Amino acid sequence: MDEKYKVLVVDDVEMNRSMLVKIFAGEYIVFSAENGQAAMEILLREKIDIVLLDLSMPVMDGYEVIEAMRADQTLAAIPIVITTGAPDRSERRAFDLGADDFVTKPYDPYIVKKRVENLLQKYVLQIANLQQALGQAEQLNQAKSKFLSRMSHELRSPINSIISLAALQIDHVNEPNTVIDFSQKIDASSRYLLNVINDVLDMSAIENQKVVLTRSPFDFRKLIEETSSMFYAQCKEKDITFNMNLVNFTEEYLFGDPLRLKEILINLLSNAVKFTPRGGEIVGRVCQVSRVSNMVKLKFEIIDNGEGIDAERQKEIFKPFVQENANTKQEHGGTGLGLPIVKNIVELMGGSIEVKSEKGRGSAFTVVLPFTVTRELPDLNTEKLKKVRALLIDDDKETQEYGQKVMRKMGIQCDIATNGEDALTIMRKAYDASQGYDICFIDWRMPGMSGVEMARAIRASFDDDTIIVVASAYDLAEITKEAKMAGANVVVPKPMFQSTVFDLLMNITGGKYHEQESIAEKYHFGGKKMLVVEDNTLNAEVVMELLGMVGFKADRAVDGKQACEMFEKSPANTYAGILMDIQMPVMDGHEASRHIRKSGHPQAKSIPIMAVTANAFTADIRASIDAGMNDHIAKPIDAERMYKVLDQLVGQTPRIYHE
């Protein structure tokens with residue numbers, strides 16, 4: 001025992017006190033008192049660790065001592081052992097008041113010491129746990145205080161920018177270029193503000209255990225393509241090389257939570273872009289780890305050669321309100337909530353996350369997640385493809401291996417070239433041997449000869465029957481015109497999934513391929529009218545503009561009460577559907593929907609009602625459905641998502657084509 005514990009013996013009988021003092025002398029520091037009043041004086045003066053207390057004493061008895069100790073915050077946790085002749089009802093009263101144990105007279109020194117030792121161990125452990133919890137709470141409070149201070153700045157800065165720029169726009173209303181510049185800056189500030197608010201709300205939901213996963217079938221290929229294209233553009237601005245590669249990947253139609261998966265990838269890729277310097281490199285890698293029956297496990301790796309993280313800080317970065325160091329906020333901004341949010345979501349999805357990093361060398365984040373395969377890729381019709389010869393031209397080794405594996409699985413003969421010069425040499429040899437290539441897949445961005453130069457060289461040296469497919473990680477709208485002018489037949493996004501290659505080749509062997517329509521061009525609702533219920537004028541204008549782009553006409557109601565009146569007065573089939581905000585004055589969206597469903601209008605039960613609201617948690621969606629709504633569209637509005645919902649619930653108008 002490094003530091004001796006202090007024991008207080010309280011008994012009005014001298015012989016009993018002396019016996020207990022003798023038992024503890026040497027190993028403990030022993031104090032004694034002949035009544036309760038003297039005991040309390042010692043307790044308030046000395047730091048006593050345990051009390052052995054007789055109950056029947058003059059001046060102040062043992063019961064009064066127990067009550068006084070338990071009422072005093074500084075004494076309440078000290079263990080109390082009753083000394084008694086034989087247990088009876090008086091001891092029960094003592095335990096009810098807060099005593100911890102008892103020993104009987106005459107005293108057995110071994111039993112007395114053991115009981116005191118056991119209580120002291122529990123007491124010391126309890127104190128240590130309380131001190132640790134207090135320290136953690138203080139650290140968390142300090143972190144939250146710093147976080148709130150940062151948040152004040154994070155929220156005010158973009159709000160001030162938006163207000164100032166909006167005022168400046170009015171002063172420059174006759175200068176279109178200036179107005180466009182200010183509008184773009186307002187848009188950037190608004191998006192940043194929305195990201196900050198989303199982070200805070202997500203972390204709040206996680207801490208209050210309100211995050212619920214929404215599992216549904218989704219197209220994994222589309223999710224990866226959308227995420228990749230978003231970050232290719234950001235990396236291009238910083239002159240960062242970015243590749244998203246597939247390794248041993250065969251499944252594309254999965255069942256899980258696509259929004260949460262996208263949130264994980266966006267958070268990790270945003271950090272990689274943020275902490276990777278100009279001219280650096282980021283690699284995203286998706287690997288199929290295993291498949292058992294219809295369960296598949298995927299590994300996502302985000303690797304950069306940026307700033308890296310100190311070894312001591314790597315355990316801290318997944319804690320809320322923590323950033324790598326004090327300079328991180330000043331240099332890069334952000335809330336310090338991204339990685340804690342990612343970790344919590346990954347664990348909710350039944351997965352794991354880890355980081356490997358070296359300061360000054362970069363970081364590698366690895367996430368492993370389970371999914372269910374909803375449907376298989378279509379059976380490969382290799383009969384059409386067994387005579388097809390393909391050449392894959394790409395300087396990335398993983399892309400070469402994956403592309404060659406996919407095409408060979410389809411029965412296609414596929415050769416590899418790592419640059420334009422090698423590709424032209426391989427093609428000349430093949431043509432000289434009367435074994436020319438039917439199709440060439442060319443990476444848009446390669447060292448040496450670029451993709452566009454490669455396409456021109458092929459068209460200049462070989463016949464026009466060779467199909468040229470340019471694969472690009474960048475915005476296809478930026479390069480499609482240039483690629484086709486150089487001789488490319490079609491431009492596709494990277495990474496190229498198996499279904500992308502298969503669909504492309506099926507179309508080519510059938511002698512046809514087509515360009516994708518814009519989102520608005522896919523939908524046509526001409527002649528139909530919607531009722532838009534929105535109290536905010538700007539939000540209403542946005543919704544009505546989006547509706548007008550696909551042929552809808554629209555009326556507006558400014559609150560739920562006006563919406564009910566307009567609907568009930570309208571002739572049958574005036575409105576094809578209702579887009580309903582939730583939080584409005586006079587009557588909210590839920591109440592309005594219930595009122596419409598109970599009205600006597602011919603369409604009361606059948607008209608589609610869609611919630612359009614910023615309330616996007618699972619509980620909010622359930623509340624909308626319970627109120628009689630058919631679907632839920634989150635703000636800010638995703639136009640394609642809204643058009644899909646309208647297509648499902650309202651239905652498109654058949655197009656009439658004139659010769």
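Just so you know, these numbers come straight off a predicted model, no measurement behind them. Note: hydrogens, waters and symmetry copies are ignored here, and every other heavy atom, side chains too, is used.
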Are there more than 12 heavy atoms of other residues, nucleotides or ligands under 6.0 Å from atom [atom1] of [X]?
{"X": "E64", "atom1": "CD", "answer": "yes"}
{"X": "K297", "atom1": "NZ", "answer": "no"}
{"X": "E301", "atom1": "CD", "answer": "yes"}

Donor-acceptor pairs under 3.5 Å, side chain of residues 46-55 to any protein atom, not counting sequence neighbours: which ones?
| residue | atom | partner | partner atom | Å |
| --- | --- | --- | --- | --- |
| E46 | OE1 | K6 | NZ | 3.4 |
| D49 | OD2 | K6 | N | 2.8 |

Enter the distance from [X]:[atom1] to [Y]:[atom2] here, rounded to the nearest 0.5 Å.
{"X": "I582", "Y": "E591", "atom1": "CD1", "atom2": "CD", "result": "12.0 Å"}
{"X": "L8", "Y": "S32", "atom1": "CG", "atom2": "OG", "result": "8.0 Å"}
{"X": "M69", "Y": "I80", "atom1": "CE", "atom2": "CD1", "result": "4.0 Å"}
{"X": "D304", "Y": "T276", "atom1": "CG", "atom2": "OG1", "result": "3.5 Å"}
{"X": "M580", "Y": "H632", "atom1": "CE", "atom2": "NE2", "result": "13.0 Å"}
{"X": "L579", "Y": "M610", "atom1": "CG", "atom2": "CE", "result": "5.0 Å"}

Using modelled atom types only, decide if a donor and an acceptor are shared between the side chain of [X] and the backbone of [Y] within a distance under 3.5 Å.
{"X": "K561", "Y": "P585", "answer": "no"}
{"X": "D101", "Y": "V81", "answer": "no"}
{"X": "D61", "Y": "M57", "answer": "no"}
{"X": "N35", "Y": "A38", "answer": "yes"}
{"X": "Q562", "Y": "V558", "answer": "yes"}
{"X": "T104", "Y": "T84", "answer": "no"}

[Y] and [X], any side-chain heavy atoms less than 4.5 Å apart:
{"X": "I345", "Y": "N267", "answer": "no"}
{"X": "F95", "Y": "D100", "answer": "no"}
{"X": "I282", "Y": "V273", "answer": "yes"}
{"X": "D631", "Y": "R641", "answer": "yes"}
{"X": "V296", "Y": "T372", "answer": "no"}
{"X": "F567", "Y": "I607", "answer": "yes"}
{"X": "I578", "Y": "V533", "answer": "yes"}
{"X": "Y107", "Y": "L20", "answer": "yes"}

Passes side chain to side chain contact (heavy atoms under 4.5 Å, CB included), Y5 versus I29? Steps please. CA-CA 6 Å; Y5 293 115; I29 299 172; over 6 Å; no
[X] versus [Y], closest heavy-atom pair with distance:
{"X": "S190", "Y": "I162", "value": "OG-CD1, 3.6 Å"}
{"X": "G308", "Y": "K359", "value": "O-NZ, 3.6 Å"}
{"X": "I82", "Y": "A99", "value": "CD1-CB, 3.5 Å"}
{"X": "Q37", "Y": "M60", "value": "N-CB, 3.5 Å"}
{"X": "S216", "Y": "P258", "value": "OG-CD, 3.9 Å"}
{"X": "D257", "Y": "M349", "value": "O-CE, 4.1 Å"}

Salt bridge check: are [X] and [Y] linked by an N-O gap of less than 4.0 Å?
{"X": "E117", "Y": "K113", "result": "no"}
{"X": "K105", "Y": "D11", "result": "yes"}
{"X": "R70", "Y": "D96", "result": "no"}

Take E27 and K4 through the test side chain to side chain contact (heavy atoms under 4.5 Å, CB included) and record every step on the way to the result. CA-CA 7 Å; E27 293 184 34; K4 291 184 177 181; over 6 Å; no
Those residues that, when tested against H595, pass side-chain contact (heavy atoms from CB on, under 4.5 Å) (two or more places apart): C564, E568
Identify, with sequence neighbours excluded, every residue that meets side-chain contact (heavy atoms from CB on, under 4.5 Å) alongside D626. R622
So I341 and E263, side chain to side chain contact (heavy atoms under 4.5 Å, CB included) or not? Walk me through it. CA-CA 9 Å; I341 290 171; E263 186 175 355; 3.6 Å; yes
Both conditions, 6.0 Å and 45 degrees, for the charged tip of R115 above the ring of F102: are they met here? yes
Taking the six-membered ring of F300, is NZ or CZ of R285 closer than 6.0 Å to its centre and within 45° of its axis? no
Should the pair F365 and F318 be assigned to parallel (<30°), tilted (30 to 60°) or perpendicular (>60°) ring geometry? perpendicular
Yes or no on side chain to side chain contact (heavy atoms under 4.5 Å, CB included) for I302 and F231, after CA distance, side-chain angles and deciding distance? CA-CA 12 Å; I302 306 299; F231 285 94; over 6 Å; no
